[in-house]
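To start, the structure under review is shown below, and the notes come after it.
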Amino acid sequence: PTPPHAVQGHLAAIEAFEGSADLGRIACPTLVITGTEDGLIVPENSRVLAAHIRGARLVEIPEAGHDFWVEKPEETLRALFAFLGEDSAA
């Protein structure tokens, strides 16, 4: 289990960090993935990220939550392989 001090530090970092002004400076291919049922970081946040990063690709994994890669591994792999230029996931 994650120690309480680590969780507190993580939450403090989330509250303190504000990087939205820098999103437009990202100049590399960017994939933003979210689960449509993420209750911790709502999918709207991913939509905002993708909208502010030039050329970003947004993939929303249906019926997946915050741990979308665990809940929907095949869908996640398909999105990753598509982004990386592969035709099919392993």
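Residue numbers count from 1 along this sequence.
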Is there a chain of hydrophobic side chains (I, L, V, M, F, W, Y, each step under 4.5 Å between heavy atoms) that links [X] to [Y]?
{"X": "Phe83", "Y": "Ile26", "answer": "no"}
{"X": "Leu84", "Y": "Ile53", "answer": "no"}
{"X": "Leu49", "Y": "Leu31", "answer": "no"}

Tell me, please, which residues at least two apart from Thr2 pass side-chain hydrogen bond (donor to acceptor under 3.5 Å, both in side chains).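 Thr2 satisfies side-chain hydrogen bond (donor to acceptor under 3.5 Å, both in side chains) with no residue once adjacent residues are dropped.
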Salt bridge (Lys or Arg N to Asp or Glu O under 4.0 Å) contacts touching residues 20-42 (sequence neighbours left out):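 Output for this query lists Asp22-Arg25.
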Which side-chain N or O atoms in residues 4-17 pair as donor and acceptor under 3.5 Å with protein atoms at least two apart or in another chain?
none

Check for a donor-acceptor pair, side chain of Arg57 on one end and backbone N or O of Thr30 on the other, with a separation under 3.5 Å.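 No, Arg57 side chain to Thr30 backbone: no donor-acceptor pair under 3.5 Å.
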Spatial distance of atom OG1 (Thr34) from atom NE2 (His66) [nearest 0.5 Å]: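 Thr34 OG1 to His66 NE2: 8.5 Å, rounded to 0.5 Å.
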Nearest 0.5 Å, please: how far is OG1 in Thr76 from CD1 in Ile33?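 It is 6.0 Å, given to the nearest 0.5 Å.
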Can you name the closest pair of heavy atoms from [X] and [Y] and give their distance?
{"X": "Pro43", "Y": "Gly35", "result": "CG-O, 3.3 Å"}
{"X": "Glu63", "Y": "Glu71", "result": "O-OE1, 4.2 Å"}
{"X": "Ala64", "Y": "Lys72", "result": "CB-CG, 3.7 Å"}

For Ala50, give me all partners under side-chain contact (heavy atoms from CB on, under 4.5 Å), at least two apart in sequence or on another chain.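 Partners of Ala50 under the side-chain contact (heavy atoms from CB on, under 4.5 Å) test: Val32, Ala56, Leu58.
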Glu60: salt bridge (Lys or Arg N to Asp or Glu O under 4.0 Å) partners, not counting sequence neighbours: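 Residues passing salt bridge (Lys or Arg N to Asp or Glu O under 4.0 Å) with Glu60: Arg47.
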Starting from Ile41, walk the hydrophobic network (Ile, Leu, Val, Met, Phe, Trp, Tyr; side-chain heavy atoms closer than 4.5 Å) and list everyone else you reach, by chain and number.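 Joined to Ile41, directly or through intermediates: Leu40.
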Start with the C-alpha distance between Val42 and Asn45, add both sets of side-chain angles, then the distance that settles side chain to side chain contact (heavy atoms under 4.5 Å, CB included), and finish with yes or no. CA-CA 6 Å; Val42 296; Asn45 286 357; 4.0 Å; yes
Indicate whether the side chain of Ser46 and that of Glu44 have a donor and an acceptor atom separated by less than 3.5 Å.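 Checked: Ser46/Glu44 side chains show no N/O donor-acceptor pair below 3.5 Å.
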